[in-house]
**Student:** 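Could you have a look at this structure, given as structure tokens, before my questions?
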Amino acid sequence: MIVKEFFDPTTFTLTYVVHKKGAAEAIVIDPVLDYDPASGAIDEHSINLVVEYLRQENLSPAMSLETHAHADHVSASQVLKKYFPEMKVAISSRIVEVQKIFFKAFNLDEPSDGSQFDYLFADNEEVIIAGMKVLEIPTPGHTPACSAYLIEDAVFTGDALFMPDYGVGRCDFPGGDARKLYHSITKNIYSLKSDTRIFVGHDYQPNGRPLKFVTTVGEEKESNIQLDARVSEGEFVEKREARDKTLSAPKLLLPSIQINIMAGHLPEPEANGVRI
């Protein structure tokens, strides 16, 4: 299995293309659409790099997997689908919980049933995609609809679990829950084999270190600075909630949530042809 990473330094996001050597299909995880909050301008530079790689390797993406409805970057799933119309966009079926919260908050007249996505994963559902075994692992806590995806011998954790020197995802978004994140990681991720590779959804490069995005279950259990295997539930929840109170909202929160709960579909233009 080949994992090709694409790093967006603006949002510190990792996009992955996963495929078998010599295969005709691939899986894309968390594609990024560049968005400038000051002007509202959208740019396809980041996703074009993914498209170039897919074409270079003669690959068609069978599915774009969203680990959750991101609050810090806009999904490029629909742009990718423009180039590869047969591709499906997938997320956890628990996305309906997030939609119910935010459709009301943003006064969006949309059905909160997940129908904006092509495929909804049930918890712990196992499927074959692009010739690879994919297991959806529920990881609620950062958001209610977070998923990790175990693909062959590697798990893609999204915003639930980062590199050991950075920790885990924040839990102060609507529907977030530090206690749930503790159980998601300790029971659902740390129960995997110790040598299972972990590919993280972001790398914030603490202390200015070079980019890192691959670790293992064993390394996380041993040395994650916020949640190693020795940390109790109460200790984690207390420290996570205290830290979350000090964090600012992500810069791209409002546009990201509105677009990502719609599977990456941009809002319809107003009467003057401009999207707001």
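Position 1 is the first residue of the sequence; numbering continues from there.
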**Student:** Looking at Glu126, I'd like to know if its CD atom is crowded, meaning that more than 12 non-hydrogen atoms belonging to other residues, nucleotides or ligands lie closer than 6.0 Å.
**Tutor:**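 Yes, enclosed.
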
**Student:** Rounded to the nearest 0.5 Å, how far apart are CG of Leu54 and CD1 of Ile47?
**Tutor:** 8.0 Å

**Student:** Would one find more than 12 heavy atoms of other residues, nucleotides or ligands at under 6.0 Å from atom NZ of Lys187?
**Tutor:**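 Open.
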
**Student:** Would you check if there is a donor-acceptor pair between the side chains of Thr67 and Asp30 at a distance under 3.5 Å?
**Tutor:** yes

**Student:** Do the charged groups of Arg230 and Glu222 touch, with an N to O distance under 4.0 Å?
**Tutor:**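 So Arg230 pairs with Glu222 through a salt bridge.
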
**Student:** Got more than 12 heavy atoms from elsewhere within 6.0 Å of NZ, Lys81?
**Tutor:** yes

**Student:** Output, in order, the C-alpha distance, side-chain angles, deciding distance and verdict of ring pair (Phe, Tyr, Trp, His ring centres under 6.0 Å) for Tyr16 and Phe156.
**Tutor:** CA-CA 9 Å; Tyr16 298 103; Phe156 298 80; 5.3 Å; yes

**Student:** CD1/Ile137 to SG/Cys146 distance, rounded to the nearest 0.5 angstrom?
**Tutor:** 13.0 Å

**Student:** Any heavy-atom pair between the side chains of Pro31 and Glu66 that's under 4.5 Å?
**Tutor:** yes

**Student:** Can you confirm whether Phe102 sits close enough to Met262 that some side-chain heavy atom of one is under 4.5 Å from a side-chain heavy atom of the other?
**Tutor:** no

**Student:** Heavy atoms, side chains only, cut-off 4.5 Å: are Gln78 and Val89 in contact?
**Tutor:**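 Of all side-chain heavy-atom pairs linking Val89 with Gln78, at least one is under 4.5 Å.
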
**Student:** Please test Glu86 against Phe84 for side chain to side chain contact (heavy atoms under 4.5 Å, CB included), starting from the C-alpha separation and ending with a verdict.
**Tutor:** CA-CA 6 Å; Glu86 300 302 314; Phe84 303 96; over 6 Å; no

**Student:** Taking the side chain as every heavy atom from C-beta outward, state whether Thr215 and Asn224 have any atom pair closer than 4.5 Å.
**Tutor:**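 Thr215 vs Asn224: side chains apart.
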
**Student:** Do the side chains of Lys193 and Asp153 get close enough for a salt bridge, i.e. N-O under 4.0 angstrom?
**Tutor:** no

**Student:** For the pair Arg197 and Met1, evaluate side chain to side chain contact (heavy atoms under 4.5 Å, CB included) and give the outcome as yes or no after the intermediate values.
**Tutor:** CA-CA 12 Å; Arg197 291 179 294 164; Met1 189 176 76; 3.8 Å; yes

**Student:** Any ring pair (Phe, Tyr, Trp, His ring centres under 6.0 Å) pairs touching residues 110-155, not counting sequence neighbours?
**Tutor:**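 The answer is His68-His142, Tyr119-Phe121, Phe121-Tyr149, His142-Phe173.
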
